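Computation of the quantities below employed the complete heavy-atom set of this structure, encompassing side-chain atoms and omitting hydrogens, waters and symmetry-equivalent molecules. None of the values given here were measured: they were computed from a predicted structure. Just so it is clear: chains get the letters A, B, ... in the order the sequence lines come, proteins before strands, and each one is counted from 1.
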2 protein chains.
Amino acid sequence: MKRATAQNVAIEAGVSKWTVIRAFTPGASITEASKAKVLEAAERLNYRPNLLARSLATNSTHQVAVLVDDFANPHKLPFLEKLTASLQAEGLVTMLININQHYSHVHAILNADQRQVDAIVLFGTAFRDEMLTDHKLGRGGPPMFVLARDSQIEGVPAISCDATVAIAEIGKYLLKKGYRRPGFMAGARTLSTALGRRRNFKEFWRTTLGVELVEMSAERYSAEAGAQAARDYLSQVAPEDRIDVLMCENDALAFGAMDVVRSEFGLRVPNDLAIVGFDNAAPAASPAYGLTTYEQPTDQMVNAAIDMILERAPRETVNFQGKLVVRDSA
Amino acid sequence: MKRATAQNVAIEAGVSKWTVIRAFTPGASITEASKAKVLEAAERLNYRPNLLARSLATNSTHQVAVLVDDFANPHKLPFLEKLTASLQAEGLVTMLININQHYSHVHAILNADQRQVDAIVLFGTAFRDEMLTDHKLGRGGPPMFVLARDSQIEGVPAISCDATVAIAEIGKYLLKKGYRRPGFMAGARTLSTALGRRRNFKEFWRTTLGVELVEMSAERYSAEAGAQAARDYLSQVAPEDRIDVLMCENDALAFGAMDVVRSEFGLRVPNDLAIVGFDNAAPAASPAYGLTTYEQPTDQMVNAAIDMILERAPRETVNFQGKLVVRDSA
DNA sequence: TGCACGTTTGCTACCGGTAGCAAAATGTAT
DNA sequence: ATACATTTTGCTACCGGTAGCAAACGTGCA
């Protein structure tokens, strides 16, 4: 059975299709009598307005594309939950796009654009700035926002957690606790804009203690990659030369690193090697990890993003302050 | 700057808009000469076909709504990754809908329907069957599928992991290992269709050993809820009366339970109490948990779902076999 | 009863594509 | 050069709504 259209309902109710439309338009000029008549006919035919047609005519889809490329990070899930819930509360729907080897940012943005989404949110994805500036993907297309990550790009505001403040807070805490030989584990081949945390951390130790940061890199942002990077480091460096605290770019890396540190090298955390993460993902709170980490104000960030999408707030980069969550690992 | 339309390009290229359309339709009848002319003009105007208009005309959006209600389960993330990637590989796009207190299945299905999605996937969501049968949401709307969960509903095929086989395999393993006093932790107020695992597990022990299953229920499917349920049980039952193995309906519950068992009650896993989960979520593999669990064939399930959506396979309930993943916890 | 005014209803034009037929252009055989 | 087949192009009608104007309707008041 084909879907009923406003025209079908109009005939059923004995009115014109415009009257039918009005019955479904809040605040439209229509008498109670004909509204009732129309709604009854609509009920009989199981009519529901076609939002595709509406979107075409009104030039607004109430759809927001959300690009994600980092499904190995458990922190993404609750963040995504909050984001979708808040979008839905505003009548917006989420188009989730998985950025991977077979589906690039360019693919995704082009597709989202052609589907006339109201906004595109780059949710913590890794990309080269040129990608956005080169491809003239910008002009005429939907507004874009970078969420949970920095952005240097003109016209693409970022909604993120202030890395400078966060790293300073972590650094001060570690300093106070007496750690003196810091290491940092970055994920992936760190793209320019993703270097914030590392650069700030490095700078912190250099200016406060004049100490040089030991750096290591994981292949990706995942527990396995973090485990491998930690394994590489620990097996190459003599015990007496080891760092005494390892800051990981995110919790996923930290979990993998902690696993290796404890079960493969028999080291105690934090006594032999302290570990700090970033994100406060769910397992961090478990006694199995007890990871000291940094929590981003996800609610605030999501709200800010939505305010910008709906133009209730100026579309410009904003930074929020998170908070250090101290547990046993450092 | 407004978006260019086919009509604009037509004028720019000195042809009719239908010729422009043909230049963008693979296999359409058009000479190389005019195609080149059109593409060049299109490039100049930065033209991209409007997929909304196309969808309206062709009655097919290439959008699939995916309903999720269980963001506390870390297993959802890699599953979702696979699902979105595979859909995208087929040219389909994911509309992610978060089912929660403020946004019910009825909301979601109605909205997805009005947006003319090509299919609706209920991805492991908890609902009462009446919801689908009552609300006549079915008739005329997009085809619906239940993924990673059972479904008894006429006309709504399920793509899931065979609970009977899975539970039998787990049961046999536990029996062989010598466990004799089994417990089961269910999540949420278990809805009729979600009872499969529990019922099968209960039946297994009854028929093999004549032993009665100890049952407990968590408030939700999350580590915290699992922790609380385990806490309640352990603090109410005398040590000598305790179960010797606890099967949890999913890994999230198992993680919480294991945390409490070990750190709050000082019990050793598996010696004092063995624990088994279901899903093989990422942390299960970590030495911090080493959880014995059951892995669903997510790839097969996703592929099967997509084959049904695209009508490459008959739209009928299918069950796949997973595999037991033995680790240290049992 | 007639007129002015506000409300309700119907209308045309449009959003940006697609389907499929008819006309025009091109190619081939005689 | 002509007849005919084939390819290419342009056209009308349509997908299912929205915007905003114009006509029809109803009511109050002189």
Side-chain angles (χ1 to χ4, degrees), chain A residues 1-39 41-42 45-63 111 113-118 140-142, chain B residues 1-39 41-42 45-63 111 113-118 140-142:
Chain A
M1 178 183 45
K2 259 186 119 299
R3 279 190 169 83
T5 72
Q7 183 61 261
N8 302 141
V9 176
I11 293 168
E12 175 81 11
V15 295
S16 72
K17 77 165 184 173
W18 297 278
T19 301
V20 173
I21 299 288
R22 286 188 182 99
F24 284 89
T25 309
S29 164
I30 185 174
T31 57
E32 277 309 315
S34 36
K35 183 164 182 173
K37 198 165 55 178
V38 168
L39 290 182
L45 300 183
N46 200 22
Y47 168 75
R48 299 275 156 198
N50 181 330
L51 295 187
L52 221 52
R54 174 177 299 173
S55 294
L56 181 61
T58 58
N59 198 31
S60 136
T61 54
H62 296 276
Q63 279 200 286
N111 192 248
D113 175 34
Q114 288 189 253
R115 288 180 188 273
Q116 321 291 115
V117 298
D118 289 354
Chain B
M1 181 184 41
K2 258 186 123 298
R3 277 189 170 84
T5 71
Q7 183 60 252
N8 302 142
V9 177
I11 293 168
E12 176 81 10
V15 295
S16 71
K17 77 167 184 171
W18 297 277
T19 302
V20 173
I21 299 288
R22 286 189 182 98
F24 284 90
T25 310
S29 163
I30 185 174
T31 57
E32 279 307 315
S34 36
K35 184 165 181 173
K37 198 166 53 179
V38 168
L39 291 182
L45 300 183
N46 200 21
Y47 168 76
R48 299 276 156 198
N50 180 330
L51 295 186
L52 221 52
R54 174 178 297 172
S55 293
L56 181 61
T58 58
N59 200 30
S60 137
T61 53
H62 297 274
Q63 278 200 285
N111 192 248
D113 175 34
Q114 289 189 252
R115 288 182 188 273
Q116 321 292 112
V117 299
D118 289 353

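Here the P atom of nucleotide dG17(C) and the CZ atom of R54(A) are 21 Å apart, to the nearest Å. Here the P atom of nucleotide dA13(D) and the CG atom of L56(B) are 19 Å apart, to the nearest Å. We find that CG of L52(B) is positioned 10 Å from C1' of dC15(C), with the value rounded to whole Å. As rounded to whole Å, 9 Å separates atom P of dG16(C) from atom CZ of R3(B). As a whole-Å value, the separation of N50(B) CG from dC15(D) P is 18 Å. In this entry the distance linking NE2 of H62(B) with P of dG17(C) reads 15 Å, nearest Å. Straight-line distance from the CG atom of L45(A) to the C1' atom of dG16(D): 15 Å, rounded to whole Å. Rounded to whole Å, atom P of dG16(D) lies 20 Å from atom CG of N59(A).
To the nearest 0.5 Å, the span separating CZ on R48(B) from CD on Q116(A) amounts to 12.5 Å. To the nearest 0.5 Å, atom OG1 of residue T61(B) and atom CG of residue L51(A) are 11.5 Å apart. With values rounded to the nearest 0.5 angstrom, I11(A) atom CD1 is found 11.0 Å from K17(A) atom NZ. For the atom pair F24(A) CZ and I30(A) CD1, the distance stands at 9.5 Å (nearest 0.5 Å).
Residue F24(A) is classed as having no contact, given no heavy-atom separation below 4.0 Å to the nucleic acid.
Of all the heavy atoms in S55(A) and L52(B), the pair that sits closest is CB-CD2, 3.5 Å.
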Under 3.5 Å, N/O pairs linking protein and nucleotides 4-10 of chain C:
| residue | atom | partner | partner atom | Å |
| --- | --- | --- | --- | --- |
| dT9(C) | OP1 | T31(A) | OG1 | 3.2 |
| dT9(C) | OP1 | S34(A) | OG | 2.7 |
| dT9(C) | OP2 | T31(A) | N | 3.3 |
| dT9(C) | OP2 | S34(A) | OG | 3.2 |
| dG10(C) | OP2 | S16(A) | N | 3.0 |
| dG10(C) | OP2 | S16(A) | OG | 2.7 |
| dG10(C) | OP2 | T19(A) | OG1 | 2.6 |
| dG10(C) | N7 | R22(A) | NH1 | 3.3 |
| dG10(C) | O6 | R22(A) | NH2 | 2.6 |

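Between the side chains of R115(B) and N111(B), at least one donor-acceptor pair of N or O atoms lies under 3.5 Å.
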